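Taking it in order: structure first as structure tokens, then the write-up.
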Amino acid sequence: MSAARFAVTSDVLSLDALTKSVMTHHAGPVGAVTSFLGLVRAENLGRVVSYLDYEAYEPLAVKGFSRIADEISELWPGASIGVHHRVGRVDIGQASIAIVATSAHRADAFAACRYAIERVKQIAPIWKHEHFDGGDVWIEGATAEPDDEGARLEARKRACT
Amino acid sequence: MSAARFAVTSDVLSLDALTKSVMTHHAGPVGAVTSFLGLVRAENLGRVVSYLDYEAYEPLAVKGFSRIADEISELWPGASIGVHHRVGRVDIGQASIAIVATSAHRADAFAACRYAIERVKQIAPIWKHEHFDGGDVWIEGATAEPDDEGARLEARKRACT
Amino acid sequence: MHVTVRLFARLKDIAGAPELERDVPADATLADVWALLAHDFPAMAPYRGSVSGARNAEYSRMDAVIADGDEIAFLPPVSGG
Amino acid sequence: MHVTVRLFARLKDIAGAPELERDVPADATLADVWALLAHDFPAMAPYRGSVSGARNAEYSRMDAVIADGDEIAFLPPVSGG
């Protein structure tokens with residue numbers, strides 16, 4: 001596992017490694033660390049899922065994570081994040097994404113972590129290919145528009161700020 | 001480290017061990033895992049902190065964590081949590097508390113994790129003895145009133161639901 | 001009746017001990033035990049409005065009647081997390 | 001001018017390849033490249049309203065003018081996380 005704060009990888013994700021890289025980067029005092037792991041579920045919309053296969057436009061995905069971190073620094077000065085996302089086959093129960101947020105106080109650490117996952121889902125060029133009992137389907141979510149102010153506001157709203 | 005979901009311990013906290021115990025307990029599908037770590041900061045209210053010494057009324061603290069988990073099950077059916085809290089000396093940068101929340105979807109996992117830390121601060125019979133440059137002081141926060149509806153509402157508000 | 005009283009944080013420091021033994025009349029409440037302590041340790045008196053009570057490791061109202069052998073605890077405002 | 005076009009997810013499946021090469025006139029925009037693809041692969045046409053463009057691994061407006069040798073990418077609605 002790379003020690004980079006932002007990565008797209010086919011390795012199993014390690015919250016521990018990601019936390020270390022965020023803590024190393026973080027300059028100010030840290031009193032709160034929050035994390036989010038997205039796990040592959042065995043069921044989706046009534047389909048029995050076998051596994052997911054993630055594809056990414058890697059350089060743009062990594063830049064997207066970095067961009068989200070910049071947005072967070074503006075919204076919550078002193079908060080830092082790291083994001084690792086899997087590509088390739090991810091089995092049921094495994095983590096497809098890990099996010100870690102640090103801040104002096106808990107309110108900002110929670111907000112930053114939640115905002116980060118909302119923004120990843122909005123703008124990261126990553127696609128989920130679902131293999132289920134009986135077939136496979138590309139999941140299509142949001143049209144990626146990094147500069148869309150409405151999407152950013154929606155992410156802030158979900159982050160509760 | 002105990003594999004219990006709710007524990008007061010003088011051992012270094014392990015998010016990994018806590019996550020395992022919550023996942024083992026969790027009955028339904030898990031698509032989201034959130035966590036919170038509270039770290040001891042080197043500075044508090046302008047004081048240079050040397051370390052914290054935590055004291056707990058252990059059996060009631062563990063029951064309190066379990067009570068908070070029950071409140072969460074009512075608020076967000078399908079969400080589970082685990083809470084481990086240190087007692088004794090906790091050095092700067094170490095975690096005094098670890099909370100893990102699991103749920104099928106991320107909104108509930110974030111809400112459950114945030115609600116849990118707010119409620120721990122409101123009702124867990126645990127006290128922080130701050131040793132700082134020049135002295136020491138017992139930190140006194142909230143009067144513990146587990147049945148106080150106002151406090152519960154405040155915790156829900158902070159959990160953004 | 002005989003009760004064990006557990007004290008924490010500042011209350012423990014004021015009493016100079018984490019645990020005290022007290023004899024109390026039948027039908028005594030937690031508030032009565034608290035009054036005994038506040039008498040013995042006047043520095044505890046200011047905590048009257050902010051202290052929480054527990055009986056046998058369960059939170060308890062201060063007007064709850066206690067039984068012989070109970071473990072009573074008085075909890076100053078908490079600061080975990 | 002010559003550009004490399006990268007395609008992902010369903011668009012890649014429709015094209016049958018993750019990467020295509022195309023010759024385009026000077027002053028061509030991303031939208032022009034998209035029009036070429038939609039012509040070659042009619043099944044891509046419905047993505048017109050939901051596709052995002054990128055130029056040299058940066059998000060780009062569809063009306064941006066491209067340069068010789070650019071790597072253009074078309075991104076269907078994303079579903080990471």
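Hydrogens, waters and symmetry mates play no part in the numbers below; they use all other heavy atoms, side chains included. Note that the structure is a prediction, hence the values are computed from the model and not measured.
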**Study point:** D/His2 atom NE2: more than 12 heavy-atom contacts under 6.0 Å
**Key:** yes
Exercise for review: Among A/Pro146, A/Gly38, A/Pro59, single out the residue with the greatest number of heavy-atom pairs under 4.5 Å to chain D.
Suggested key: A/Pro146
Review point. Which one, A/Val120, A/Ile123, A/Leu52, A/Ile117, leads in non-hydrogen pairs under 4.5 Å with chain D?
Key: A/Ile123
Check your understanding: Any chance CD of A/Glu149 has more than 12 other-residue heavy atoms, nucleotides or ligands included, within less than 6.0 Å?
Key -> yes
Check your understanding: Out of A/Pro125, A/Ser96, A/Ala95, which one racks up the most heavy-atom pairs below 4.5 Å with chain D?
Key -> A/Pro125
Practice item. Sort A/Tyr57 into side chain, backbone, both or neither according to what part of it lies under 4.5 angstrom from a heavy atom of chain D. Key: both
Exercise for review: Measure the CH2-CG distance between A/Trp138 and D/Leu11 for me, rounded to the nearest 0.5 Å.
Suggested key: 10.0 Å
Point to revise | Residue part contacting chain D, namely of A/Ala124, when any heavy atom lies under 4.5 Å | key: backbone
Check your understanding: Among residues 59-81 of chain D, which ones touch chain A with a heavy-atom distance under 4.5 Å?
Key -> D/Tyr59, D/Glu71, D/Ala73, D/Leu75, D/Pro76, D/Pro77, D/Val78, D/Ser79, D/Gly80, D/Gly81
Exercise for review: Can you see which heavy atom on D/Glu58 is nearest to which on A/Leu60, and at what distance?
Suggested key: CA-CD1, 4.0 Å
Review point. Chain D heavy atoms under 4.5 Å from A/Gln122: which part of the residue, side chain, backbone, both or neither?
Key: backbone
Revision key, fill the gap. Among A/Asp53, A/Ile99, A/Ile97, A/Asp147, the residue with the most heavy-atom pairs under 4.5 Å to chain D is A/Ile97
Study note, to complete from the structure: Bottom line for A/Ile139: the part with an atom under 4.5 Å from chain D's heavy atoms is both
Exercise for review: Identify which of A/Glu58, A/His129, A/His85, A/Arg86 forms the greatest number of heavy-atom pairs closer than 4.5 Å to chain D.
Suggested key: A/His85
Revision key, fill the gap. If one checks every heavy atom of D/Ala54 against chain A at 4.5 Å, the contacting part turns out to be side chain
Check your understanding: For A/Ala56, is it the side chain, the backbone, both or neither that has a heavy atom under 4.5 Å from a heavy atom of chain D?
Key -> backbone
Study note, to complete from the structure: The interface call for A/Lys63 against chain D, heavy-atom contacts under 4.5 Å, is side chain
